[in-house]
Number of protein chains: 2
Amino acid sequence: MKRTSLAGDSCPVARALDVFGDWWSLLIIRDASLGRRRFGEFQASLGLAKNILATRLRTLVERGILKTVPASDGSAYQEYVLTPKGHGIFPILVALRQWTEEFDEHPDEIATIMVDRDKGKPVKKLALLSQDGRVLGAADTTLKLRPARKTARRLATA
Amino acid sequence: MKRTSLAGDSCPVARALDVFGDWWSLLIIRDASLGRRRFGEFQASLGLAKNILATRLRTLVERGILKTVPASDGSAYQEYVLTPKGHGIFPILVALRQWTEEFDEHPDEIATIMVDRDKGKPVKKLALLSQDGRVLGAADTTLKLRPARKTARRLATA
DNA sequence: TTGTGTGGTTGCAATATTAAACCTGATGCT
DNA sequence: AGCATCAGGTTTAATATTGCAACCACACAA
């Protein structure tokens with residue numbers, strides 16, 4: 001009766017959710033992408049129980065989203081920072097943010113807007129483009145079976 | 001000791017997760033965006049317990065992501081379809097998919113690729129652009145406090 | 001060396017998830 | 001119409017996860 005795992009699922013959406021799709025992980029990742037690094041920072045910012053935070057940090061490290069590094073202030077403690085795999089989650093955070101900005105019933109309760117660092121102007125909405133540059137909506141896309149990977153010819157003829 | 005709610009949070013990421021951030025909701029939304037509409041279709045596709053599916057469908061309807069409509073085949077049953085607010089989740093699904101495509105350890109287990117319906121070619125990666133058209137990464141962005149909403153002048157002078 | 005802050009672990013109560021049995025109304029068959 | 005079956009749930013009971021608080025160990029500061 002364990003929580004059902006999505007790890008073996010063939011759907012890439014499910015596979016992503018299996019890695020960080022629980023109630024707290026994405027918020028930890030959000031905090032990490034805002035520069036928070038220490039256990040106590042996460043705990044104070046998120047207000048979650050310490051045991052939960054401990055297990056979440058552990059599994060995020062196991063799964064290659066975060067890694068531990070020696071503390072930047074020279075103390076003997078450790079800090080948690082995003083790996084490249086973790087930084088890759090950024091577009092997902094942006095998409096979540098933009099959905100709330102567009103559809104939330106109380107947009108006045110949103111505290112922040114995302115701006116580009118250079119000009120300080122709000123960023124544009126994430127755009128899905130076709131290879132020839134058209135903007136695509138959900139209805140303009142389909143799923144195709146992934147073409148089979150090339151098998152090693154070398155073995156076939158050996 | 002309830003599961004802590006994120007509904008009142010000022011972070012738009014947290015607010016989105018409060019609406020569909022649990023273990024099953026996004027998968028239900030994914031299925032809905034693939035055209036599944038019936039209780040039985042969702043249950044067969046996701047393999048989750050029927051009581052869980054029932055509660056998830058109920059809260060997704062409450063929250064304006066799905067709505068119930070009379071069955072398309074003329075039977076007396078009802079079907080669940082995405083509202084505009086639900087369709088707006090599409091970019092999040094794309095972002096999750098693309099993260100798996102880029103970072104998953106076993107990309108050969110991914111069954112499908114997203115293509116544009118017209119040409120059948122794979123879509124491009126979601127791009128975050130500044131207002132002057134530069135492609136932005138996480139490091140090129142910051143958060144700014146949302147400017148206060150204009151208050152009604154009418155009342156101030158009345 | 002005594003105290004305090006950081007980063008956890010442990011134990012317990014409350015809640016959520018799960019599977020399976022059960023129920024109800026709609027549909028189909030004859 | 002009468003009966004079986006199916007779709008769409010609800011209920012029940014076992015198990016797992018969450019949340020809180022108490023505890024603990026080590027680092028660091030005085």
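Excluded from the calculations below are hydrogen atoms, water molecules and symmetry mates; all remaining heavy atoms, backbone and side chain alike, are included. Letters A, B, ... mirror the listed sequences (proteins, then strands); counts begin at 1. Treat the numbers as computed from the prediction; the structure is a model and nothing was measured.
Nucleotide C/dT18 holds its C1' atom 15 Å from the CG atom of B/L46, rounded to whole Å. As a whole-Å value, the separation of B/I52 CD1 from D/dT11 P is 14 Å. One interatomic measurement links the two molecules: CZ of A/R3 to P of C/dA19, which rounds to 13 Å at whole-angstrom precision. Here the C1' atom of nucleotide D/dG9 and the CZ atom of B/R56 are 16 Å apart, to the nearest Å. Here C/dT17 presents its P atom at 10 Å from CG of B/L48, a figure rounded to the nearest Å. Atom CD in B/Q43 sits roughly 12 Å away from atom P in C/dT18 (whole-Å rounding). One interatomic measurement links the two molecules: CH2 of B/W23 to P of D/dT17, which rounds to 10 Å at whole-angstrom precision. If you measure from atom CG of A/D73 to atom C1' of D/dA29, you get 14 Å, rounded to the nearest angstrom.
At distances below 3.5 Å, not a single donor-acceptor pair connects side-chain atoms of B/R97 with backbone N or O atoms of A/V13. Remark: side-chain polar atoms of A/K125 are not paired, donor with acceptor, to backbone N or O of A/A95 under 3.5 angstrom.
A/Y77 places a side-chain heavy atom less than 4.5 Å from the side chain of A/R38.
Applying the 6.0 Å contact sphere to CD of A/Q131 captures more than 12 heavy atoms from other residues, nucleotides or ligands.
For A/F90 and B/W99, the gap between ring centers reaches or exceeds 6.0 Å. Ring centroids of B/W24 and B/F42 are separated by 6.0 Å or more, keeping the two rings apart.
In the model, A/D31 has a side-chain atom that pairs as donor or acceptor with a side-chain atom of A/S45 under 3.5 Å. A donor-acceptor contact closer than 3.5 angstrom is absent between the side chains of A/T68 and A/E79.
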What string of B, S and - do you get for nucleotides 4-9 of chain C 5' to 3' if you count protein non-hydrogen atoms under 4.0 Å? -BSBBB

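DNA chain C is contacted by no residue of residues 62-70 of chain B, taking any non-hydrogen atom closer than 4.0 Å.
For B/S75 and D/dA7, the shortest distance from a side-chain N or O to OP1 or OP2 is not below 4.0 Å. Residue B/W24 has no polar side-chain atom (N or O) positioned under 4.0 Å from OP1 or OP2 of C/dA16.
Salt bridge absent: A/D140 and A/R134 never bring a charged side-chain N and a carboxylate O closer than 4.0 Å.
Contacts of A/A76 with the nucleic acid, taken as non-hydrogen atoms under 4.0 Å apart, involve only primed sugar atoms and P, OP1 or OP2.
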